[in-house]
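The structure appears below as C-alpha cells.
Since this is a predicted model, take the numbers as computed values, not measurements. The basis for the numbers below is simple: all heavy atoms, side chains too, and nothing from hydrogens, waters or symmetry mates.
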Amino acid sequence: MAEPEAPTVAPGHGEKEHKVGKGGEQNAQRDLREELSEQRKRSRISAQNLDALYADTVIGGDDIAGASHRATDGGTVNASGRDQYFIGWSQEDKAVDTVGVPARAVGIVRRCHAPTDSYRTLVRRLHDEHVLLLRGEQHSGQPTTALAALARRTGDDKRLAWLLLRRDPLHLVTADLCDATGYLLVAGDDATWSGHADQVLGYLCRIAERAGARIVVLAGPEFPEHDWAVKHERPPLENVFTNWLAHELYEGGEAHPQERADKTAADELVREKLAGYRRPREARALALQVATGLLHGRSVSEILEGLPEQRRLRARSLLTKDSPRRARSFLIASSVLSGSAAALVATQTLRLATLIEEELARQTTVEQPRRHHLWEWLSDWTEGTGLKVKETGRGGDGQVIAFDEPRMAGSILRVVWEEQPTIHEPLLAWLDQLTEDEQFGTRMKAAEAIGLLATYDFLAVRDRFLEKWRDSEEFERRELAAWALASAARDPQVEPRVLECLNRWAHNGRGAQSVVIHACGSWLGARHVEEALRVLGYIAKTSGYVLAGSVARAVSQIHQLGTGRTFLYDAENSEVPENTRRIISALVEWSADPESKGPRRAAALAFVRLLASPDSIRVINLAADAGATADLVALWRHILLHGVTRGPDAALTPEAWDLLSDWLGRWEADAGVRRVLSEVLTPPPDELRMSLSFHLRLWGRIGKVDPEVAARLAALVERS
C-alpha cells in the first residue's frame, strides 16, 4: 500500500526559504522533532517512487563500470565501459589526479571476472613491462580485465587506482604515481594520443618504471596498432553470469553458492536469455536479479518473467492495443502518480487526454469527426492493466491508484517516451502543470518523472524546466529542480552530467545554491558524502546566514540516508559509523571557521538535528570511540553556546539544552557519553558556567536527570 503523502516540512531555525508556521519560535523542540519525522517520511516516499521509475535502469556497468570511487581531492570517477568522467565538486583544475579503487571492489573483481586470453596475456607481460595498451570495443569488459590483471600482478588490492589526465599526458611526473602500484588510464581521443602514440606510451613507460608502477591504457579498436597493444576479448557471458551469481548467492548466505550458480546457469531459460545479450554488463545485471529472486525463494521462470525487458513488452502491449485513448492516458497518469488518490489520478487523466487530443488535432489537417461523449468507468480503465483501486485502510482517506507491480511505472513512461513521439509535447505540458499542484507528493512525483525524461535528453529538460525553476523566486520551484536532478542522476550514464551541473550552480548565486543544497540532501549526497559536505560548506561560507538552515537540513538528510541504501563498490559509504564520523569532522571544521559566521551557524543547526533525529543513536555510538571525543566535545560546546540568548538576538539552538538532558540520562549506563560530557562540563567555557549550573540543578530538582548525578555535576561546574 502506498504511503500517505507528507505535508510540507516546516522550516528550521535560521531558515528563510520556507514559510514559518505560527508559533514557530514556541515549542521549538517539539517542532524540530516533527520536522525530522516528516523529513524521513518524505525521503521514504521519494525512494519508493525512484525505485519504481528506475527499476529498468542497470545500476553499474560491465563489472566495474558505473562504480564511483573517491579521488585524492575528494572527487569521484564514474566509469562506464571505457567512458570515464571526473566528478569533482571543487573549482580545482588539476592536470593529474588519481582515484583509488576500494580494496573491496578489487576483491570482488578478483572473484567475479571471467578470465580470457587477453587477461592471461596482460598478466604475463605485466611481469616485465610497465605500460601496456588494451585495445577493444566499448562496453566489452575492458576495465574489469585490466583491473583483474593489475591486481594479480601487484598482489596489493589496496593500491590500485584510476589515473586521470586532464591535459597533455607528457605533463605526468614520477611524483604523480606515488599513491598506487597499478593504474588504469583511458587513452584520449585527441591528436596527442592518436598522432604520437609512440611518444606518449614511451614517456608513460619511463615515468612508470621510475615509480615502480604498472599502467594499463584502455583504448578503442580505432587506436593505432602498437607493439605494446593487447587485443581485448569479450569474456564469455555465461562465465560472467555464473561468477557473479555465485558471488551474490554467497553474500546472501546461500549454503552452496557455486553449485547452485552452476545449476542455474545451465537452465535452458537462462541460457536462452544470455544468448540475446552482447555486453558483460547485461550478464552481470541478470545475475544480480536472479540472485535476488533465488534468495527470496522464487523460481527461475518467475524471476525471468519479472525482468525489465518483460515489463517493457507488457507496457508496449498495453499502450498500443486498441483501447480508448483515455484508458492509455490513465496508464501514463498512474505511472507518474502511482500511490496517489484515485480522484486525483482520474482528474489528471482527463487533463492529459485533453492535451493529447489537442496536440493530435494540431498535427493533422483532416477535420476530426465529432466524438460522442461516453460515460466511462474507472474499472474500464484499470481492466487488464495491473493497476488497482485500493483502499488506504484509514477513514476519510478514500482510495488510491497503484500498480500491483510498482516497477511497471518506469516501464510505462519509458515506452511512451521512446515509442510514441507524437505525445511528447502534451506529456511535458501535463507534467509542467502537475508541478504546480498544491500537494507536495504530486509536485515531487511530477518532477522526478521529468528527471527520468532528462535521461533521454538532458539539455532539453535543463533548458525547458531546470533553469526556469532554478531562477524562480519561489523555493517550491527550486525544490522541483533538485528533485528532477536527483532523479536523473539515478541513471549512471547521466549522473556525471548532473554533478557537473550542480558543481556550476554551487557558484552561481543563492537561487542556484538553494537547488544544490536540496539535491545534496538526497540519496545523491548520501552517495557522495565528502563531495556533498565540501560543497555545502562552500555555500554556507559564501551565502552568510541566509542558507545556513538549509545547509543544516541537507546535512541531517545525508546522515539519515547514509544507512538506507548501499552502493556497490563503495563500501566506505555503506559503513554508517564512517559516514557519521565524516559528517562530525566536517561540522567541527565549520564550527571553527575563523572567517565566516555562516559555517559556524550551519554547524550548530546541523549538530542539533543529528542529536534530535531518530538516527541520533549513531552519534551516541560514536561517543564510544575515544578518538571522536574531542570532536563531540567541541560540537556540544558549540551548540550550547548558541543555545543561550545574547543581547537582542534570540538563541539559535535552544533545543540544545533539552538534548543535553537526554544525554545526561545516559550518564550512568553509557561510558562513551559520560566521557564526552565530562569534558564538556569540566571545565566549561566561562560563558556557559552559569547556564550549566542553573540547568543541572533545575533538572535534578524536577527529576529530569538523576538528582545525585545532577548535584554532583553542578558542583563540579561551579568549582571549575
Exercise. State whether a side-chain donor-acceptor pair under 3.5 Å links Y119 with T144.
Key: no
Quiz item: If you take all heavy atoms of L561 and A526, which pair is closest and at what distance?
Solution: CB-CB, 3.7 Å
Quiz item: Around Y203, counting heavy atoms of other residues, nucleotides and ligands shown, do more than 12 lie under 6.0 Å from its OH?
Solution: yes
Quiz item: What are the two closest heavy atoms between D491 and Y54, and how far apart are they?
Solution: N-CE2, 4.1 Å
Exercise. Taking all heavy atoms of R260 and all of L249, pick out the closest pair and write down the distance.
Key: CB-CD1, 4.1 Å
Practice problem: Please check if the side chain of H424 supplies one atom and the backbone of W417 the other of a donor-acceptor pair under 3.5 Å. | Solution: yes
Exercise. Heavy atoms only: give me the nearest L177-A208 pair and the separation to one decimal.
Key: CD1-CA, 3.9 Å
Quiz item: Is it true that atom CD of E419 has more than 12 heavy atoms of other residues, nucleotides or ligands lying nearer than 6.0 Å?
Solution: yes
Self-check item: Sidechain-backbone polar pair: H127 side chain, R153 backbone, donor-acceptor under 3.5 Å
Solution: no
Quiz item: Any donor-acceptor pair under 3.5 Å linking the side chain of T242 with the backbone of N239?
Solution: no
Exercise. Heavy atoms only: give me the nearest L274-E238 pair and the separation to one decimal.
Key: CD1-CA, 4.1 Å
Exercise. Verify the neighbour count for atom CZ of R464: are there more than 12 heavy atoms of other residues, nucleotides or ligands below 6.0 Å?
Key: yes
Quiz item: So does E589 have more than 12 non-hydrogen atoms from other groups sitting under 6.0 Å from CD?
Solution: no
Quiz item: Are any side-chain N or O atoms of R234 and backbone N or O atoms of R278, one a donor and one an acceptor, separated by less than 3.5 Å?
Solution: yes
Practice problem: Run the salt-bridge test on R124 and D117 with the 4.0 Å N-O cut-off and return the result as yes or no. | Solution: no
Exercise. Taking atom CZ of R271 as the centre, report whether more than 12 heavy atoms of other residues, nucleotides or ligands fall under 6.0 Å from it.
Key: no
Quiz item: Does R135 reach the main-chain N or O of P221 with its side chain, forming a donor-acceptor pair under 3.5 Å?
Solution: yes
Exercise. Tell me, with the steps shown, if L453 and D457 meet side-chain contact (heavy atoms from CB on, under 4.5 Å).
Key: CA-CA 7 Å; L453 300 184; D457 193 339; over 6 Å; no
Quiz item: Distance-only, no hydrogens or angles: does the D176 side chain make a donor-acceptor pair with backbone N or O of V173 under 3.5 Å?
Solution: yes
Self-check item: The single option from I583, I584, V529 passing side-chain contact (heavy atoms from CB on, under 4.5 Å) against H559
Solution: I583
Quiz prompt | Aromatic ring pairing H518/W483, orientation class (parallel under 30°, perpendicular over 60°, tilted between) | solution = perpendicular
Self-check item: Whether H247 side chain and N243 backbone form a donor-acceptor pair below 3.5 Å
Solution: no
Quiz item: How are the rings of H226 and W228 set relative to one another: parallel (under 30°), tilted (30 to 60°) or perpendicular (over 60°)?
Solution: tilted
Self-check item: Which atom of L122 lies closest to which atom of A146, heavy atoms considered
Solution: CD1-CA, 4.2 Å
Self-check item: Test: R582 and E530 ion pair at under 4.0 Å
Solution: yes
Quiz prompt | Side-chain heavy-atom pair R281, V240 within 4.5 angstrom cut-off | solution = no
Quiz item: Between Q142 and L134, is there a donor-acceptor pair closer than 3.5 Å when you use the side chain of the first and the backbone of the second?
Solution: yes
Quiz prompt | Any donor-acceptor N/O pair, R497 side chain to F458 backbone, under 3.5 Å | solution = no
Quiz prompt | Exam field: side chain R214 to backbone L150, donor-acceptor pair closer than 3.5 Å | solution = no
Quiz item: Between S43 and Q557, does any side-chain donor sit less than 3.5 Å from a side-chain acceptor?
Solution: no
